[in-house]
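Shown next, in structure tokens, is the structure this report addresses.
Just so it is clear: chains get the letters A, B, ... in the order the sequence lines come, proteins before strands, and each one is counted from 1.
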Amino acid sequence: METMIVIENLNKHFKSGDAIFKVLKNINLQINAGECIVLKGVSGSGKTTLLSIMGGLDRPSSGKVLVEGESISKLPDLHISHFRARKIGMIFQHFNLFDHLTAAENVMIPLIPAGLDMNEVNHKVEASLKLANISHKAKSPAGRLSGGEKQRVAIARALASDPAIILCDEPTANLDRNNSLKFIDILSQLHEMGKTIVVATHDPLFDTLPFESRIIPMEDGSLVSTVSEDVLEQG
Amino acid sequence: MNEILLSNQVIVYLLSESILFGLLFIAFMITLGILVKWDFGSYSEQQFLLERRAYLTMTILLFVFVVKFLLLVYFVFAIDSLSILVPGAMCAAGVISANDYGMFLLFFKLLILFFLLLWMALNSYDLHAKNYPLFRLKSWLFIVIFFIISMELGLDFAYFINIDTLEPVNCCSTLYGQLEGANPLPFGLNTTILLILFYLLYVVVVGAMLSKQRILSIVATLLFVMIAYYSVVYFFGTYIYELPTHNCPFCMLQIEYYYVGYLVWGTLFGGVYLGIVSSIMEMGLKEERKKEQKAALILLSIFVLLCTAYVAVYYFRNGVFL
Amino acid sequence: MKNSPFIHFLMLEFFKERKKHIGVISISLVILFLLSSVLFISSSIRHSLNQTLAWEPDFVVQRIQGGQKVNAPTEWIDDLLEVHGISKITSRVYGRYFFKSKEKSFLIVGVDFMDEQSHKALRMMMDETDLKEFLKGNNMLVGEGVSSHLKAHFYPNGYTFLTPKGAFKKVQLFKVLPKKSNLISNDMIIVPIELAREILGMGEDEVSDIAFNVPNDDEWENVADKISAFYYDLRVVTKEDIKKAYENLYNYKGGIFLILFLIVIVTFVLILYQRYSMVYSSERRHIGLLRALGWSIRDVLKLKFFETMMIVLIAFVLGVALAYLYVFVLGAPLLAEIFLGGANLHNSVILVPVLDFGILSSIFLIYAIPFISAVLIPTWKIAVTDPKEAML
């Protein structure tokens, strides 16, 4: 199995006045293609930050991040944006849709920088909406959708450019149990499609996923255990 | 002097140049800061800040490039309309030569556009590379551009302030005319040789570009632009004016000739600039710049065709040459 | 169509922020309207004047004493006749006649109807007049301003002039000059030359000045030099001089206006900068989200740039169109007064539509360049938003 994501000696800290806050401490992690990883931890454990860095939304203070063999830790903006658009599908905790746009228009957004023509874009949008089971709401303004529907639009948007990696940040935090289960259903489908999935959550539902997954607990900026190396860190 | 400075076009022109200078000054300060502290490999917040600031410089320069181009056209147009106020001037030629600053100013403008185009090309390459390889080169080039533009601004004001509305100036027939048999062409060339060189150099330029002979293409292009200038003023222009003694690079910009001057000089300089820039880039970066090259060849060809067409049409209409 | 998903999204974004955009467009409209109107009026009048000048004689010879123009002797005409290359010599008799209140005046223009008219503009004005009838009695042709003024003072049919010699001269109002000549004829009264002499108290051997043409351009300098040498108190005024003087006057007025207008522009720029810098956190999240979804800084800049250009172009087109309507269809009530001096008699000139590249490009540059410069930095600031913002 090929490795999809490799993280080596990753550190992230930020300064606030004179104080330095270490958010991530010497993370080492390897994720294979098609795997599903669940980063478990309470808020403040650093899982969201780790996820952001994996998705190219944030940069490490030191260390390496390699995706499909290519380092993304220090890329110019044009390239990292390109990477985000093509390889990453992001699902946010608060859905983060544009309320004034329809579902279809929301899904279209990651596709715009690529310079495709309108037909191709529509094609991909339709396919994604179908996958996420939300085609029937394509023309509805996102602001008028229910929580569960919004989440599905967010999923469709994450799938629009057919990315290899799906990153989810607390995806079920704003959903009721029913919708959470529906979400996990869709995740299974994505897993079947061969997508690499990383979920950052503290929802216990993810402890028992209906498909093969690896749970990696995080605490205070460190991983509690990894696959290839057992490194125990003192906070 | 007052009347010139109070003319609408001059006010708008000087205001625009000043605003652009203000923006460039900001870009200059940013670039200085970046040059000192840039370290692409670093993960520090400061480096990210510098990278973001670099985008501001890029945006400013892109804006300045577009506007400088428009202002060049506007400048020529403004000068043309000032010819009423300057005694003896019938077209922009007279006004430009109203004082010593005029020709320098025009030359600087053309130079600036070239460098800006070069910067744009370098920047576009730089952005697509993964570690900003041309970053320092770009920044130093910008510093050079900034100094040239500062001088240009000074020249702008000096030029307009020193246009005398009382002293008559020479009009194009004196400036470009063949005074009492003296040959205005350099190196004692006559028209026939000039034309042979003109077409020959064009072929050489095209050939050199297509066959990737970069140094040859740069040299040939530079020679071509000089020969082309003289050819247009002393030969092709006469066919545009349909008057064998009318030698003027500026009159063809007027409405009587359907503003064809803008097309003639535009295609010439556009083609030359793009040609040289693409050759420099290819030499320095060892990779092909097909788009720029194609554009350059098209522009130069349009230029040559246009000039030839004026002669051909005249001949077909009148059965003789001038 | 180039990247139509982009354009589609651009429209959506533009519409979303429409309140802000409409605000900016409105202010722009006011500024553009004002500026364009002034420039249109100015260039229209200038154009009309230039056209009128085309009919002016090439040369006018005047007598100067003590720096002032005085009447010239008719003998000078004989001197002129001897100069080669001169044609259409006409002696002109004209002067100002001050109305009762001594504030308003009429320009009395005497025309020798037997002589060739080197002044074609006068000819144009008089073409539709039945000369035979006109010459039968003491008649005058008046400009529109004169006619309204006379009516207002209860002189509907004519006027009785008080000559400097103390005599009264009653003159009938024959016809009002056509409105299209108002620019120069507004306060004019055209009478036969003898009548003019009487009203102005000028003798048989005096004229106001002498006009003539020199058909050959190349001879102008020679002729001017030659004639200036005749008498020490003789001044030659060429058509070129007049043209230049008008040009300077218009440049002067226009220039002062523009410089004052700069204050407006500066205020506008400051307002814009402020407004665009006021970035609400919602907008930051908005852009942050775009960035998080894969939009590069360049893509966001492109979006913002197109948005800006749309505003600029919409405002420009609307502003100029409104100004055009105001000036050339409605006749620019109020503003036209400033340019027509309003000094003497009220003048209602027909403004001829003049629209050229020079004016339009000047208006565009003086609006677009400060505008874009003002919003450049705030736009960049928001385009470089960290994609992390989307996570917050």
So which atom in B:D164 and which in B:V86 form the shortest heavy-atom distance, rounded to 0.1 Å? O-CG1, 4.2 Å
Chain C: which of B:L20, B:N8, B:L15, B:L23 shares the most heavy-atom pairs with it under 4.5 Å? B:N8
Check this for me: does any side-chain nitrogen of one of C:K304 and C:E13 sit under 4.0 Å from a carboxylate oxygen of the other? no
Carboxylate-amine/guanidinium contact B:E17 B:K109, below 4.0 Å: yes
Counting only non-hydrogen atoms closer than 4.5 Å, does B:Y55 touch chain C with its backbone (N, CA, C, O), its side chain (CB onward), both, or neither? both
For the candidates C:D386, C:I359, C:I297, which exhibits the highest count of non-hydrogen atom pairs separated by less than 4.5 Å from chain B? C:I297
Under 4.5 Å from a heavy atom of chain B, the part of C:L262 involved: side chain
As a quick check of understanding, evaluate side-chain contact (heavy atoms from CB on, under 4.5 Å) for B:T267 and B:Y262, giving each step before the final call. CA-CA 8 Å; B:T267 48; B:Y262 290 104; over 6 Å; no
Part of C:I369 within contact of chain B (heavy atom distance under 4.5 Å): both
Could you tell me whether B:F146 and B:F21 have their ring centroids closer than 6.0 angstrom? yes
Is it true that C:F306 and C:F6 have ring centroids separated by less than 6.0 Å? yes
Let me know if B:S81 has heavy atoms under 4.5 Å from chain C in its side chain, its backbone, both or neither. neither
Go through the atoms of B:L71 and report whether side chain, backbone, both or neither lie under 4.5 Å from a heavy atom of chain C. side chain
